[in-house]
Amino acid sequence: MSPAAGTSTVQTATTTRAPSGEVGSTRAAPVDAALERTLADVVATEAALLDAGRFGDWLALFTDDGRYWVPLQGAAQVDPIGHNSLAYEDRMLLTLRVERLKNPRAHSQQPRSRCQHVLQRSMRVDASDGDDRAHELRTPFLYVESRDGEQVLLTGLYRHWLVNVEGAWKIRLKRVDLLDADRPLPAIQLFI
Amino acid sequence: MTGFAVPAAHGVAGATRFAIDALVEDDRVHRDLYLSEELFALEQQHFFATTWSYLGHTSQVPSSGDYLTVEIAGRPLVMVRQPDGAIRVLFNRCAHKGTRLVSEASGNVGRHFRCPYHAWTYRLDGAPMGMPLKAGYDGTQLATCESGRGMIALRHVAVYRDFVFVKLADAGPSFDDYFGDVLRAIDNMVDRSPEGRLAIDGGVLRNVIRCNWKIYLENINDTVHPMSTHQSAVDAAHGLWKDQPADAPKPMAMEQILPFGAGYDFFDRMGGRAYPNGHSVLGIHFSIHSGYAQLPDYEAAMRAAHGAERAAEILQRSPQNAVLYPSLAVKGSPQSIRVIRPLAADRTLVEAWSLRVAGAPDVLFERTQTYNRLVFSPMSVVAHDDVHLFESIQRGLRADGNPWVSLHRDFDRSELEGGTLETNGTSELLMRNQYRAWAKAMRDGMEGR
């Protein structure tokens, strides 16, 4: 499954609503509470690794074909090709980012940027399309990136596409739907 | 920062020539050009109002009633497509109390503008149509004063191959006199379409940078910074690519990032050209964009449209940057434009737009979007070091002891004669040329010419 194909499935899930209107309550099959917690833990761990500056460990959470995507239209964006994005990166570009941050000549990291992710409870949305190894989690967030006494505050919704690879849960797609993706932004140097 | 360096002994109006000349020397400029809020206010009034600014592209308003709102030099403007297909630019202000008629970035007003406050209405060309309680104006001066004239249309609007430019004031040169031969850079972009047509597409990347707009524009012509500024991004890219055979096909991202590591000699040999009024083309012989993969189908379509010789001529030309001073920087390949909108002495909005080339394969648009995302996004690892350094300059210039910014590299007195000048790629002539144009336009603007 290509990330783009995964994305379109995610998009379909946007409109999934239970009769009560409660988001994410519609499921193809019941998922046990333990799995639910395990999936939410992946999202929480991912954020904690970023906050700790453990970017190499963070990168290892992604599948080989994993993508990190910050669409320019936020939640409204359908695909990463027809419209541009603030970031749309595969393992190669994410590795480039992580390697650059280690370089003493990364001038913009003097002083260093720091970040804090503040997550709300993740909600699982059925996006498996019959594949019980794949799940989408939606997690509202606040993100603060701080550098040299200045803070940038961003907020929005994460959509993690998680797949089980040989017993371990991995991120195939981390989509970051910013509330204000279209506004002028200062430099965002770490990972939202 | 209050006041600028040279005391206006004869009052602002009388001493302006002296004051402006004292800030711009032949080979260096005073820091107040970047720091002074007072000078920024004078620029808005005299420089940006009397020179031609890029506003937008006609493809952004395809149908009658489509509009695009933009602020230029602090003035709210609206570009609107007319029923007959023409483009008009109006001040986005109700003639009554000053409400903006439209407040979205873009949209469609239908057949007329209607003020949301008191329902005054205007035709798409700005002419007044009506208002409630019309009888209440009988016998008043409304019809004969400014408020009776409707929305004010800009008198100086030029649409050049679908790129729309405006000049706010009556003073200043005509469009053709102002831009002259640098318009060939726009020609090259449009000629790269087998159908002769471009369209803005895929959204805009917007950056707000805490530096003066001149620092950003200088850097567009700065070929000596990539080696040191972008070392971390280039090192990381090389680290990922070093084990590949030399002829391995590069992913598009690698193809675009690796050339930032080119050496001083490469940038020096690419050459540059300075035009009157501050415009420039950098990379007149080649550039970091020259090595992108060939696209046989596209090149065949270009030959079919233009003939083999002309197609080769168009495609061979891919400068690093052309600057249509002071608001627009364009790249023909990738089809990317940057729009520079000064917000304050220490704050600049930079927008990166992508152009879709009619009659070209999707991969060309993908190349443009990828380049803009990798290099001009607020999340760009290439731009992070640029932005940090621009903001660093804005703070460092407050130091005592040296109030000057050096632009001495390869200065040659003969360049003071002006005209169109060719130079080596690492000369700072293209920057000196911007400041000579700035000083001239400021003087002319202040003296009402």
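These values consider heavy atoms only, across backbone and side chains, with no hydrogens, waters or symmetry-generated copies. These numbers come from a predicted model, not from an experiment.
- Between the B:Asp386 side chain and the B:Thr229 main chain, no donor and acceptor come within less than 3.5 Å of each other.
- Proximity of B:Phe266 to B:Ile288: side-chain heavy atoms (C-beta onward) are separated by under 4.5 Å at one or more points.
- Note: A:Phe55 and A:Phe191 meet the aromatic proximity criterion, with ring centroids under 6.0 Å apart.
- Contact count versus chain A (heavy atoms, under 4.5 Å) is highest, among B:Leu205, B:Leu389, B:Val387, for B:Leu205.
- The distance between the ring centers of B:His384 and A:His107 does not fall below 6.0 angstrom.
- Put simply, of B:Ser380, B:Ala383, B:Gly203, the one with the most heavy-atom pairs under 4.5 Å next to chain A is B:Gly203.
- A donor-acceptor contact shorter than 3.5 Å is absent between the side chain of A:Arg159 and the backbone of A:Asp177.
- Contacts between B:Leu240 and chain A at a heavy-atom distance below 4.5 Å involve the side chain alone, from C-beta outward.
- A donor-acceptor contact closer than 3.5 angstrom is absent between the side chains of A:Tyr68 and A:Arg97.
- A:Val98 does not touch chain B: none of its heavy atoms, backbone or side chain, sits under 4.5 Å away.
- No hydrogens or angles considered: nothing links the side chains of A:His160 and A:His135 as a donor-acceptor pair under 3.5 Å.
- When heavy atoms are compared at a cutoff of 4.5 Å, B:Val204 approaches chain A solely by way of its backbone atoms N, CA, C and O.
- Residue B:Ser228 touches chain A through its backbone alone, counting heavy-atom pairs closer than 4.5 Å.
- In summary, the side chains of A:Gln189 and A:Ser108 do present a donor paired with an acceptor at a separation below 3.5 Å, with no hydrogens or angles considered.
- Heavy atoms closer than 4.5 Å to chain B are found in the backbone of A:Asp182, but not in its side chain.
- Ranked by heavy-atom pairs under 4.5 Å with chain A, the list B:Glu351, B:Glu366, B:Met254, B:His230 is led by B:Met254.
- In terms of heavy-atom pairs under 4.5 Å with chain B, the best-connected choice from A:Leu72, A:Leu190, A:Asp148, A:Leu185 is A:Leu185.
- Proximity to chain B is limited to the backbone of A:Arg183, based on heavy atoms less than 4.5 angstrom apart.
- Interface remark: A:Gln73 contributes no atoms to any contact with chain B (heavy atom separation under 4.5 Å).
- Both the backbone and the side chain of B:Gln369 come within less than 4.5 Å of a heavy atom of chain A.
- Looking at A:Glu145, there are no atoms closer than 4.5 Å to chain B (heavy atoms on both sides), in backbone or side chain.
- Classification of the B:Phe376-B:Tyr371 ring pair by plane angle, with boundaries at 30° and 60°, yields perpendicular.
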